[in-house]
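To find a chain, count down the sequence lines: A is the first, B the second, and so on, and within it residues start at 1.
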Amino acid sequence: MDYNFNEIEPKWQNYWREQHTYRCSNNSDKPHFYVLDMFPYPSGAGLHVGHPLGYIASDIFARYKRLRGFNVLHPMGYDAYGLPAEQYAIQTGQHPAITTEVNIARYREQLDKIGFSFDWEREVRTCDPEYYRWTQWTFIQLFNHYYDTDLDKAMPISHLISKLEKGEVDTNTEKSWADMSEEERQDYLMNFRLAYLADIPVNWCPELGTVLANDEVVNGLSVRGGHPVERKLMRQWSLRITAYAQRLVDGLNDVDWTDSLKEIQRNWIGRSEGASVWFPLASNYKSHAIPGAAEYVGQLNSDPVPSFEIFTTRPDTIFGVTFMVLCPEHEMISQITTPEQKAEVEQYVSWAKNRSERERQSEVKSVSGVFTGAFAVNPLTGEQIPIWVSEYVLAGYGTGAIMAVPAHDSRDFAFARHFNLPIRQVVALDPNDITDPATWTESIDAKTGFAVNSGFVTGMKCKDAMKAVINKIEEMGIGSRTVNFRLRDAIFSRQRYWGEPFPVYYKNNRPYTLPEDCLPLQLPEITDFKPTATGEPPLGHATCWAWNEQTRQVVDNALIDNVHVFPLELSTMPGFAGSSGYYLRYMDPRNNEAYFSKQAVGYWQNVDLYVGGAEHGTGHLIYSRFWNKFLFDLGIAVKQEPFQKLVNQGMIQGRSNFVYRSKSDNTLFISKNIPGRAENTVPIHVDINIVNNDILDIEKFRQWRPEFAEARFELEEGKYVCGWEIEKMSKSMFNVQNPDDLVARYGADTLRLYEMFLGPVEQAKPWDTNGIEGVFRFLKKFWKLAESRTDAPADKPALKILHQTIKKITDDIERFSFNTSVSTFMICVNDLSALGACSSQVLEQLAILMAPFAPHIAEEVYHQLGHDTSVCDAQWPEFDASLLVQDSFKYPVSFNGKMRLTLELPNGISQEEAIAAVKADALAQKWLDGKEPKRVVFVPNKIINIVL
RNA sequence: GCGGAUAUGGCGUAAUUGGUAGCCGCGCUAGACUUAGGAUCUAGUGGCGAGAGCCGUGGGGGUUCGAGUCCCCCUAUCCGCACCA
């Protein structure tokens with residue numbers, strides 16, 4: 001009988017479904033293992049072959065762990081909220097809930113065909129009220145907590161209030177806590193809540209009608225759709241993720257991720273150590289040089305002079321400061337600008353503020369700025385330095401003000417050159433080598449070298465000078481050692497419809513959260529999804545979107561009286577809200593009392609293996625870690641880090657095919673390698689489904705499109721050879737490979753094996769079906785081998801092959817090296833086939849080894865051997881080294897196909913004699929069934945390699 | 001500019017982690033079977049050479065008895081961040 005995958009695969013898929021083979025329990029004596037995939041966003045396009053790559057890898061690992069006796073949690077779900085569904089709704093008028101449902105059904109169908117071992121009873125969808133109830137719940141907790149820097153964890157806001165009431169902390173504002181009104185107190189607390197409402201500059205995308213998080217904007221364009229993004233001041237919800245910046249950096253040391261991904265996160269968080277220093281304004285009436293620092297401090301204490309806080313990573317260069325620069329948004333600009341400069345400064349500031357992000361970024365190299373007319377005082381030298389405004393100083397980083405050291409910062413250098421400001425060298429690689437900065441072509445930015453021209457730190461190494469300067473400014477009370485982060489708070493509002501509603505209503509224009517037991521706050525039905533250009537969200541169209549505080553119900557907007565009935569928040573949460581904690585919900589997905597039970601999280605702890613794309617490095621993977629750490633602080637999550645080991649599957653690119661149409665004749669197509677083809681033709685994308693191994697199926701091509709019906713061809717050796725190129729997988733390039741087509745043609749097992757065979761999981765690679773036949777052939781050989789089985793006990797050569805395979809496959813899986821596993825299986829089956837009929841005993845073990853990779857055929861063979869339980873419940877074969885090596889070995893051996901022995905050799909023996917002695921010994925001791933070793937290599941440190 | 005990674009036959013890749021480079025597969029060549037083959041099987045396939053042999057892991061140095069693997073310097077490609085003080 002032929003290998004009929006079309007019959008085998010549905011049969012076992014049904015069997016697994018009916019037997020609940022992949023159902024997994026939270027109560028088990030077995031050790032636990034949690035294997036997670038990044039759940040997909042169910043787009044209208046369906047799955048392409050890139051999606052399952054990671055799923056197949058994780059499925060192999062999950063199945064392997066199960067065969068090794070672990071209780072494995074391997075769930076799947078859908079990240080179902082998001083912009084595309086809503087965009088589609090706007091275009092077609094279809095409700096996103098419906099299109100999402102349709103898309104999910106299609107995804108499920110595609111996933112089922114590939115034979116994954118997901119426990120579908122644990123499926124979650126972020127748009128399901130029973131799921132987003134806990135997203136909303138977490139939001140309320142974030143709102144009701146603040147970050148206590150002393151305890152270094154999130155604490156209830158009530159804890160802060162009681163500290164304020166007892167006067168244990170100072171408000172650092174004009175009014176004390178006791179003197180504040182209720183509104184003032186609420187406004188004050190908003191500065192501490194981990195979810196807070198504030199007027200902040202946001203990435204506003206007019207085209208999408210929403211604000212976007214930093215990771216959703218690239219080069220001033222939205223990631224979704226590529227629309228321009230502007231900076232705009234808006235009242236928005238944000239998450240105070242910056243409070244966790246240090247812990248997010250530290251936690252990276254405790255997880256088993258690739259260095260490159262850790263580095264991406266470290267860069268994104270952007271921790272830098274330095275100092276913050278206060279530079280006072282030189283008052284106009286004392287515009288003479290201030291004689292000395294000591295005197296200046298006295299003045300600062302008695303008579304508060306307006307001053308600027310700056311952040312620098314190079315306090316050692318403070319003696320080289322020759323000007324200051326403020327960002328155009330700096331609040332003190334209008335206050336300090338002199339009347340003469342006023343017009344010019346105002347003009348510059350309004351010009352700078354109205355530029356889009358894209359304009360700013362595209363002109364990074366150009367220098368612009370304006371002098372305010374005001375001067376500040378360098379607190380260490382007493383010198384007066386001019387204060388400038390320039391957009392090269394960013395409002396969002398540090399304090400929005402810098403001390404400029406043109407000699408040792410390339411940006412300051414460019415600015416000084418452009419505006420002819422003085423440049424003073426204060427660092428030199430060699431203290432005796434001081435040159436005139438006027439002759440320089442670039443600044444000396446390196447942190448190595450010695451301080452020069454630098455008062456009391458002159459002659460010190462840069463590092464020592466940094467410490468000395470910081471100590472000095474701390475002593476003077478004008479600054480301190482500071483750590484700054486590039487990471488910014490995550491903007492959490494989206495002016496969209498298809499997302500989680502905020503459990504928030506507004507009383508007296510201030511936000512209040514809904515009671516927890518009123519959750520979920522369900523997304524209302526509306527018919528008009530369009531956002532407005534002014535930023536009014538689609539939920540503004542909802543007619544029943546008000547909160548009655550007394551009845552604790554959502555009621556009609558008409559009832560709003562601002563006494564008992566209040567308006568609800570109109571924004572919705574961003575995409576990352578639902579995906580930030582989904583891995584925890586899988587542990588206990590049907591719990592109606594809690595996010596997940598203590599028992600469940602106590603059992604599963606966290607994700608042992610997470611597989612997904614590195615493109616989430618600065619988005620989901622940061623937000624999730626933050627979310628988890630917050631829940632950890634609440635005592636709900638039990639591990640600081642959510643994802644212990646993380647494997648990034650490489651992106652699968654498309655491999656496009658081209659036909660070459662003659663420039664002079666529109667119906668003539670010339671094969672790729674015909675001389676002169678390049679000059680006389682234009683390449684045209686052709687659907688990869690009508691090309692096989694770069695050979696065009698001419699008939700299918702003629703049928704493909706009406707304009708090719710009359711196509712004529714200039715062939716080479718009777719074939720039309722297409723060109724190819726690696727491009728992004730995209731519909732418009734006709735290079736999208738749908739997994740369903742391959743499953744229909746070769747079966748799921750072949751697809752699974754082939755996706756692994758393509759190369760290392762982590763590596764980016766083009767999709768290319770050229771080798772799939774080889775894998776298919778292998779499965780057919782395996783099928784034939786299974787049919788040829790005998791009940792005779794296994795002989796030694798067969799056992800040897802089997803145990804070599806057990807060893808190799810086990811090692812490969814542990815190393816996540818699945819491409820080599822497939823090769824190993826091929827060798828194994830070839831070798832066994834060469835021996836003739838295969839013993840059932842060997843075949844059974846081989847079926848178990850193959851079960852993680854090709855579960856359908858493995859299940860079929862396993863059952864044919866007389867089992868009536870699933871191969872999933874079998875036990876992983878134990879490697880028996882004694883089958884490979886003779887017992888009579890008298891030397892320590894490590895076996896891997898080659899052997900390495902350590903020998904004590906007598907003095908004076910030559911290499912040749914030693915080798916001959918080992919060979920003779922091998923023969924005498926029958927190490928290798930009486931055969932002489934293939935190769936013996938003598939190495940000076942008494943190690944000998946023996947190759948079988 | 002900063003950071004990370006990669007580089008091996010015509011192609012995808014492998015190499016027990018310092019031990020005969022090129023396993024396995026694709027493709028290609030020859031042959032067998034076949035009415036036929038997008039089926040199956042056998043043999044061959046890094047380069048040069050008739051041959052023994054010589055040369056070969058992006059380039060150049062180095063360490064070592066021995067280097068694809070370790071160290072230094074280049075080059076190319078990919079990815080992330082980018083006026084982050």
How should the glycosidic conformation of U63(B) be described, syn or anti, under the criterion that syn lies within 90° of 0? anti
With nearest nucleotides of RNA chain B determined for Asn830(A) and Arg486(A) from heavy-atom distances, which residue corresponds to the more 5′ nucleotide? Asn830(A)
For Phe658(A), all residues meeting ring pair (Phe, Tyr, Trp, His ring centres under 6.0 Å), sequence neighbours excluded: His685(A)
Could you tell me which residues satisfy side chain to side chain donor-acceptor pair (under 3.5 Å) with Ser368(A), sequence neighbours excluded, listed by chain and number? Tyr348(A)
Using the C1' atom as the point on both nucleotides, what is the distance between G53(B) and G3(B), in whole Å? 48 Å
My understanding is that only residues two or more places apart in sequence, or in another chain, count here; which of them pass side chain to side chain donor-acceptor pair (under 3.5 Å) with Ser390(A)? none
Applying ring pair (Phe, Tyr, Trp, His ring centres under 6.0 Å), can you list everything that pairs with Tyr3(A), at least two apart in sequence or on another chain? Phe5(A), Trp783(A)
Salt bridge (charged side-chain N to carboxylate O under 4.0 Å, His left out) pairs, two or more places apart, involving residues 268-279 of chain A: Arg271(A)-Glu273(A)
Classify the nucleic acid contact of Arg271(A) as base, sugar-phosphate or nothing, counting any heavy atom under 4.0 Å across all strands shown. nothing
Out of A14(B), G3(B), G25(B), minimum distance to the side chain of Pro760(A) belongs to A14(B)
Using atom C1' in both nucleotides, what's the gap between G80(B) and G19(B) to the nearest angstrom? 38 Å
Heavy atoms only, 4.0 Å cut-off, all strands: where does Arg777(A) land among base, sugar-phosphate and nothing? sugar-phosphate
Kindly check if the number of other-residue, nucleotide or ligand heavy atoms within 6.0 Å of CD (Glu442(A)) is above 12? no
What's Lys780(A) touching, base or sugar-phosphate or nothing? Going by heavy atoms closer than 4.0 Å. sugar-phosphate
P atom, G51(B) versus U57(B): distance in rounded Å? 23 Å
List in chain and number order the residues that pass side chain to side chain donor-acceptor pair (under 3.5 Å) with Gln737(A), two or more places apart in sequence or in another chain; answer none if no residue qualifies. Trp767(A)
Closest to the Asn819(A) side chain, choosing from U40(B), A85(B), A14(B): A14(B)
Rounded distance (Å) that lies between atom P of U40(B) and atom CG of Leu785(A): 16 Å
Could you tell me whether G9(B) is syn or anti, where syn means a glycosidic angle within 90 degrees of zero? syn
Can you check the distance between G12(B) and G46(B), where both ends of the measurement are the C1' atom (answer in whole Å)? 16 Å
How many Å lie between CG on Asn648(A) and P on G80(B), as a whole number? 13 Å
Without decimals, in angstroms, what is the distance between Phe818(A) CZ and A14(B) P? 14 Å
For Gln763(A), report the nucleic acid contact type (base, sugar-phosphate, nothing); a contact means any heavy atom under 4.0 Å. sugar-phosphate
Answer yes or no: is there a donor N or O on one side and an acceptor on the other, between the side chain of Glu762(A) and the main chain of Val647(A), under 3.5 Å? no
Look at the side chain of Asn267(A) and decide which nucleotide, out of G25(B), U40(B), G80(B), has an atom nearest to it. G80(B)
Could you tell me how far apart Tyr397(A) (OH) and C83(B) (C1') are, to the nearest whole angstrom? 12 Å
Among A14(B), C24(B), A85(B), the one nearest any side-chain atom of Thr820(A) is A14(B)
Shortest side-chain distance from Thr618(A), nucleotide among C81(B), A39(B), C83(B): C81(B)
Leu751(A) atom CG is separated from G25(B) atom P, nearest whole Å, by 20 Å
Between the protein and nucleotides 32-37 of chain B, which nitrogen or oxygen pairs come in under 3.5 angstrom?
none

Interatomic distance where CZ belongs to Phe782(A) and P belongs to U40(B) [whole Å]: 18 Å
Among G3(B), A85(B), C41(B), the one nearest Lys781(A) by side-chain distance: C41(B)
Pick the closest RNA chain B nucleotide for Ser260(A) and for Ile402(A) by heavy atoms, then say which residue is nearer the 5' end. Ser260(A)
Send over the distance from Gln265(A) CD to C81(B) P, rounded to a whole Å. 12 Å
Could you work out the separation of C48(B) and A43(B) based on their C1' atoms and round it to a whole Å? 23 Å
NE2 (His803(A)) and CD1 (Ile806(A)) are apart, to the nearest 0.5 Å, by 4.0 Å
Contact class for Leu394(A) vs. all strands (heavy atom < 4.0 Å): base, sugar-phosphate, or nothing? base
Nucleotide nearest Asn770(A) (side chain, heavy atoms from C-beta), chosen from A85(B), C26(B), C83(B): C26(B)
Pairing stems for RNA chain B [at least three consecutive pairs; Watson-Crick or G-U; under 3.5 angstrom]: B:1-7 with B:75-81, B:10-12 with B:24-26, B:27-32 with B:40-45, B:46-48 with B:53-55, B:58-62 with B:70-74
Could you check which of C83(B), G38(B), A85(B) has an atom nearest any side-chain atom of Asp697(A)? G38(B)
Between atom CD1 in Ile827(A) and atom P in G22(B), what is the gap in whole Å? 13 Å
C1' spacing across the pair G47(B) / G56(B), given as an integer number of angstrom: 7 Å
Results of side chain to side chain donor-acceptor pair (under 3.5 Å) for Asp687(A) - residues two or more places apart only: Asn689(A)
OH of Tyr746(A) to CG of Leu753(A): how many Å apart, nearest 0.5 Å? 14.0 Å
Answer yes if the side chains of Ser817(A) and Thr820(A) hold a donor-acceptor pair under 3.5 Å, and no otherwise. yes
When the C1' atoms of U45(B) and C24(B) are compared, how many Å lie between them, rounded to an integer? 15 Å
Could you point out which residue of Arg815(A), Lys807(A), Lys808(A) forms a salt bridge (Lys or Arg N to Asp or Glu O under 4.0 Å) with Asp811(A)? Lys807(A)
Contact class for Thr824(A) vs. all strands (heavy atom < 4.0 Å): base, sugar-phosphate, or nothing? nothing
Base, sugar-phosphate alone, or nothing: which one does Val393(A) contact when heavy atoms must sit under 4.0 Å apart? base
P atom, G44(B) versus C26(B): distance in rounded Å? 15 Å
Which part of the nucleic acid does Pro766(A) contact within heavy-atom distance under 4.0 Å: base, sugar-phosphate only, or nothing? nothing
